[in-house]
Amino acid sequence: ETGVTQTPRHLVMGMTNKKSLKCEQHLGHNAMYWYKQSAKKPLELMFVYSLEERVENNSVPSRFSPECPNSSHLFLHLHTLQPEDSALYLCASSQDQDGGTEAFFGQGTRLTVV
Amino acid sequence: LAKTTQPISMDSYEGQEVNITCSHNNIATNDYITWYQQFPSQGPRFIIQGYKTKVTNEVASLFIPADRKSSTLSLPRVSLSDTAVYYCLVGNSGYSTLTFGKGTMLLVSP
């Protein structure tokens, strides 16, 4: 248990569906992140939020829409996904973005797009 | 972003010491070096972090030479449960600090 909770753990959705992934942390951290990990590929940093403001958007397609309503919650809204979007989606949080930060990761959501 | 280079894979046996070296030739003055461990279908887990010289905690040691162009993660007496992917990250802010490369797949055999 890392203190970062992701729901759901598994999700199967059709290409026309709309779904949301949820991440929650009560570690008092100010920064939160979304990652995508496809099979046999490195983790790809998708979004970074610091103090609820989006800091980085790593050229992610618009069918992925993040939302950070407060410092404890982070969402990833999904719509009209493609089969190649099937992957493990990981959320992480850290105290801040300064050097020396340690990130805590959730267990991930295994997404399958059919 | 400082680019890192690690071996793709390593093999070891239970009880041995494992050293994984990471090259980061263009590390910046204020960059930290951080190592994470990841098991299949799980999020990475922080192992150790350092800036220079040697750092040791309950699970590993991190050796950083004076020029800081490389670092070595040392795992003492590995067990089967240490089979995982190990990532070396270099950076000084959240975005650059948390950009992962391909990592090193460590396989520990009986």
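Throughout, protein chains are lettered first and strands after them, A, B, ... in sequence-line order, and every chain is numbered starting at 1.
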Verify the cluster assignment for Y49(A) and V4(A): are they in a single hydrophobic cluster under the rule of side-chain heavy atoms below 4.5 Å apart? no

How would you list, in number order, the residues of residues 103-114 of chain A that have a heavy atom less than 4.5 Å from chain B? A103(A), F105(A), G106(A), Q107(A), R110(A)

Indicate yes or no: at least one non-hydrogen side-chain atom of L45(A) is less than 4.5 angstrom from one of F100(B). no

Can you name the nearest heavy-atom pair linking L90(A) to G43(B), along with the distance? CD2-CA, 3.6 Å

Can you hop from L80(B) to L107(B) via hydrophobic side chains spaced under 4.5 Å? no

So Q37(A) and Q38(B), side-chain contact (heavy atoms from CB on, under 4.5 Å) or not? Walk me through it. CA-CA 12 Å; Q37(A) 188 170 36; Q38(B) 186 182 26; 2.8 Å; yes

I'd like to know if L78(A) and F75(A) are part of one continuous hydrophobic network [Ile/Leu/Val/Met/Phe/Trp/Tyr, side-chain heavy atoms within less than 4.5 Å]. no

Answer yes if I47(B) and M10(B) sit in the same cluster of Ile, Leu, Val, Met, Phe, Trp and Tyr residues linked by side chain heavy atoms under 4.5 Å apart, and no otherwise. yes

From E102(A) atom CD to Y36(B) atom OH, the distance as rounded to the nearest 0.5 Å: 6.0 Å

E53(A) atom CD, over 12 foreign heavy atoms within 6.0 Å: no

Connected via hydrophobic side-chain network under 4.5 Å: Y33(A) and Y87(B): yes

Atom of G101(B), atom of P42(A) and distance for their closest heavy-atom approach: O-CB, 3.2 Å

CZ (F39(B)) with more than 12 external heavy atoms under 6.0 Å: yes

To the nearest 0.5 Å, what is the distance between OG1 (T99(B)) and OH (Y35(A))? 6.0 Å

Engaged part of L43(A) at the chain B interface, taking heavy atoms whose separation is under 4.5 Å: both

Can you list, pair by pair, the side-chain donor-acceptor contacts under 3.5 Å of residues 64-71 of chain B, counting residues two or more places apart and other chains?
residue, atom, partner, partner atom, Å
D67(B), OD1, K69(B), N, 3.1
R68(B), NH1, D31(B), O, 3.1
R68(B), NH1, Y51(B), O, 2.6
R68(B), NH2, A28(B), O, 2.7
R68(B), NH2, T29(B), O, 3.3
R68(B), NH2, D31(B), O, 3.2
K69(B), NZ, N25(B), O, 3.1
S71(B), OG, H24(B), NE2, 3.0

